[in-house]
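Take a look at the structure set out below.
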Amino acid sequence: MTNARCILVILIALSAVPSFAAQSDQSIGGLKTEYRYDPLGLDVAKPRFSWQMHLRTRGAGQSAYQIRVALDADALSGAQSLVWDSGKIDSRQSIFVGYAGPALQSRTRYFWQVRVWDEHGSDLGWSRVANWEMGLLSPADWSADWVSPAAHEGGESRASPMLRRDFDLGGHIARARVYATSHGLYEMFINGHRVGDELMTPGWTSYNRRLQYQTYDVTGLLKTGRNAMGAVLGDGWYRGVIGFAGAHDRYGSRLALLCQLEVTYEDGHREIIGSDARWKTLPGPILNSQLYDGESYDARLERAGWNAAGYGDAGWSPVEVLAASKEALIASEGPAVRRINELVPIKIFTSPSGDRVVDLGQNMVGWARLKVKGPAGTVVTLRHAEVLDRSGNVYTDNLRSAKSIVRYTLSGKGTEIFEPHFTYQGFRFIAVSGYPGKLARDSITGITLHSDMAVTGAFATSKPLIDQLQHNIRWGQKGNLFDVPTDCPQRDERLGWTGDAQVFAPTAAFNMDVDGFFSKWLKDLAADQLENGSIPFVVPDVLSSGDRPIGGAAGWGDAATVIPWELYLAYGDKRVLEDQYVSMRRWVDYEQSRAGADEIWDGDTHFGDWLDFFSIGTGSSFGSTSTDLIATAYFAHSTDILRRSALILGKDKDAARYGDSLGKIKTAFQRRFIAADGTVGAGTQTAYVLALDFDLVPDELRAAAAQKLAADVRVRGHLTTGFLGTPKLLSVLTRFGYTDEAYLLLNREQFPSWLYPVKQGATTIWERWDGIKPDGTFQAKGMNSFNHYAYGAVGNWMYQTIGGINIDPSAPGYEHFLIQVQPGGGFTHARAEHDSPYGAIRTDWILKDGRMILNVVIPANSGATLRVPRAQIADMTESGRPIRLGNGIAGVRQETEDVVLEVAAGEYSFRYPYSPAHSPP
Ligand code: BGC
């Protein structure tokens, strides 16, 4: 039994709360199948079920569960017709319980519910009925053909083709599904209606190995008699320009559609209408749409009714059937990209250079919705920019070759509303030209797009600048979790840079439910892993070419180990470790092969501590910390993660082997990089941070090394770190007792610091500490993104230290966790929330008149160790009463200045006299 489990068993025994009425199905909720609620189109052979107990009662927890699965909701209560019944299982497990019934069938919808017995053994009754539907599980399920506009269609034109077909349905329709995917991007229509609300489908994966299809319920769109289906295709990642070399056709040169409408009639028979030689095609009004460059659309070319039944398509060309493979098809895995928010302009002004400029008040990612009325043929041009220059003009040099221009040609038919289709931009400002009439606040609306993930974090404090920093971190995440985790959303890049994703993942997991998002991307990482085990710089890999694989950078390739591990910690998702294990091991073996017998990974070129403080103005971006040190440190770290994962997965031999290897790497690291007085490498902050964070410093030198790091911070008064050092700088300071120094860095407002951009008006995280310099000029245009989430990785420390919410690695997924708020830095209040797999965790503290009020919420079926800072047991009250065991409190002890309690689920309110520690000047 883990410590956490042991504590929880005690908690359950101690809980003094009487049993509440059974049969209240309201108390069980949050029923997820895999990563989603009631998903449509799953191809996981053994889906996992998760639920939450929505109870606030002290000590509420689960002692047993039972799951039942049936083919229809009514059949659930009749034992005869069940597909699977787990029987009553005495277990606290309430997340990721695996289905263990007979093999699941293509196209079939399954209904499930769970029954829970509480900590007293009382039956809480059955939950509501949830469901999921399997997709098409085998290539043989696809009878449709890949169809493409004829090769010569449009010549050099990049106009988006429309594809269509009319068909008849006889009989009463019981249900209908569309399964669809494409080479390129697609939008589907049935009888004139857009199918689904997903955008940029089929998403971005390692297309040649993994191509997602989407499943839609279209029952309501069809009718008996004549119907029509249509699709529009765009270049997207498949054959549009992607990667900073300006190349297109990365995955192929032909756009194509594969779709299958499956109609089930009330009498049970099924009819399939798929893409085939009967479809017809014509270039549409989208003249060109590229991810980086934007879109040109001529509304005069719209064909009214083209996607509705009965449209005369006599002049359209036949499609060409392609012999493309269906082997790589997989059900959609990650959350879809959707429209998420709408932003209304805060200002419309004329810039000094004469542009009419719309300011949306927020650096955002997505596109603009245009509302316009005017004569046919009028062209409205929207130029997107993240910032204004010193004189107040829109600045686009940092977009490099990305044009980010949307051009709309009016049809002249009344009020026209337009949104682009197969492009997106990162911007706050739009320079509008050609707009007929007066540009008003409702002429332009910012539509944010990103992967549709549940928001799971909230964070607010007594300091507005810090709250703005948190806002910027969140918006950096919104803009860059765009089907894949991207470095930036605006310039000619927008790629799945592994290093950036790796450092930001823990923060991302506080803010939003990213388990499904990253686990999808990790499969692409494994799919694109290079032959020698190295990891490409970006995933999906669009930088390598067959004879020139590119990858293997320390701190970047380690995304292969770090992200699965972070998902395991944050979500208790063991299957991610299982699924990624081979990839993780191959990466570590690759590192070993580069390091060789002396265990020092030296000599290779890496990105190093990318863009650190010392690199500013040097013309080099690689940072000042030795890349040999960084590479060897990450080699040790990944080996350690692999060793831990092997233990969790019961791979004891591997655990022993990599444990042994870790010992050797540490010894080698210490010999090479740690001096007798505890100096690490050349004494840069990043050298200390990595060595201490990865436990590479010998025990006897740790205090000395940490002291040197803290001294450097104090003497300089600022950080000197880049992409790899920054994310862990504050947590290492805090871990070794230098929380005051951590606050000093967090609170600093001058360059270099997190708050410097905030003071400059930033609404997202910048790529560089001085993207806009104190004199108002810009950093070099070649690399100056104003929406790059990497430095936002400090969000993790903010949740952990100010908000006090910490993962317990021995009980991942917040089955048990640690609450340790560490007031300091002049904060008088903070409130943090995290919607964990077990339910909402909340901390809320206020320091006022020498008293501390600390409120915490612990979700049902979990528990926490709570460290109350600078408190004495005798002086404390909880909900107005002196502290005593029982009623959810299972343990209390004084540990020097703090009181440590073991607490079960419930809401608690602590009060006590508090005097801040004396912090060094
Ligand atoms: C990207 C980074 C990335 C880096 C690697 C840049 O162009 O924007 O965020 O990690 O290259 O060196």
Side-chain angles (χ1 to χ4, degrees), residues 241-247 291-292 363 365 386 397-402 404 426 472-473 476-477 479-482 484-505 507-508 521 525 528 534-544 549-560 562-563 604-616 618-625 627 630-631 634 686 721-728 757 764-771 778-794:
V241 173
I242 190 76
F244 34 67
L291 293 165
Y292 299 154
N363 195 19
V365 174
E386 292 191 288
D397 290 356
N398 68 324
L399 307 184
R400 304 196 303 220
S401 77
S404 288
N472 296 3
I473 295 169
Q477 177 163 353
N480 283 300
L481 268 61
F482 196 98
V484 306
T486 62
D487 56 334
C488 60
Q490 74 296 82
R491 67 182 177 221
D492 52 357
E493 197 150 357
R494 315 184 195 183
L495 303 176
W497 278 98
T498 47
D500 308 44
Q502 180 266 112
V503 299
F504 189 67
T507 302
W521 180 74
L525 177 144
D528 278 352
S534 175
I535 301 291
F537 294 158
V538 300
V539 171
D541 183 8
V542 291
L543 300 181
S544 296
I550 306 185
W556 270 250
D558 298 278
V562 172
I563 300 182
D604 282 354
T605 304
H606 302 276
F607 299 117
D609 193 23
W610 189 248
L611 296 180
D612 80 0
F613 171 75
F614 299 112
S615 69
I616 294 171
T618 63
S620 155
S621 304
F622 297 97
S624 57
T625 302
T627 52
I630 292 174
Y634 262 99
T686 293
T721 48
F723 272 35
L724 296 182
T726 305
K728 295 295 181 73
T764 37
I765 299 293
W766 294 354
E767 178 175 26
R768 316 190 62 136
W769 294 119
D770 60 346
F778 293 112
Q779 252 290 357
K781 64 184 180 189
M783 212 165 48
N784 198 16
S785 152
F786 293 99
N787 197 353
H788 232 74
Y789 55 43
Y791 288 152
V794 68

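When a ligand or atom number is given, it counts from 1 through the structure's own listing order. Since we're looking at a predicted model, the values are computed, not measured.
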With heavy atoms of [X] as the reference, note each atom of ligand 1 found under 4.0 Å away.
{"X": "Glu767", "value": "8 (O)"}
{"X": "Asp500", "value": "2 (C), 3 (C), 9 (O), 10 (O)"}
{"X": "Asp487", "value": "1 (C), 8 (O), 9 (O)"}
{"X": "Arg491", "value": "1 (C), 6 (C), 7 (O), 8 (O)"}

| request: Can you figure out which of Phe622, Trp610, Phe723 has its heavy atom closest to atom 4 (C) of ligand 1? | output: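 The nearest heavy atom belongs to Trp610.
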
| field | Close side-chain approach of Leu495 to Thr486, heavy-atom, < 4.5 Å | value |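 A side-chain contact under 4.5 Å is absent here.
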
| task | Just need the protein heavy atom nearest to atom 7 (O) of ligand 1, so name the residue and atom and give the distance. | result |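 Here the closest protein heavy atom is Glu493 OE2, 2.6 Å.
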
| task | Starting from atom 12 (O) of ligand 1, find the nearest protein heavy-atom neighbour and note its residue, name and distance. | result |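 Result: Phe607 CD2, 3.0 Å.
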
| Which bit of Trp556 is near ligand 1, meaning a heavy atom under 4.0 Å away: side chain, backbone, both or neither? |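 The answer is the side chain of Trp556.
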
| query | Of the backbone atoms (N, CA, C, O) and the side-chain heavy atoms from C-beta on, which set of Phe537 has a member under 4.0 Å from an atom of ligand 1: side chain, backbone, both, or neither? | reply |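 The answer is neither.
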
| query | Is Trp497 close to ligand 1, meaning an N/O of one under 3.5 Å from an N/O of the other? | reply |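 Looking only at distances, the answer is no, because the N/O contact criterion of under 3.5 Å is not met.
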
So, the side chain of [X] versus the backbone of [Y]: is there a donor-acceptor pair under 3.5 Å, distance only?
{"X": "Thr686", "Y": "Thr721", "answer": "no"}
{"X": "Glu767", "Y": "Ser785", "answer": "yes"}
{"X": "Arg768", "Y": "Met783", "answer": "yes"}

| request: Please report the shortest heavy-atom distance between Asp604 and Thr627, naming the atom on each side. | output: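 The answer is O-OG1, 4.3 Å.
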
| query | If every non-hydrogen atom of Gly722 is compared with every non-hydrogen atom of Asp612, which pair is closest and at what distance? | reply |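 Distance-wise, the nearest heavy atoms are N-CB, 3.4 Å.
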
| message | Looking only at the aromatic ring of each residue, does the gap between the centers of Trp766 and Phe786 stay below 6.0 angstrom? | response |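 Yes, close enough.
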
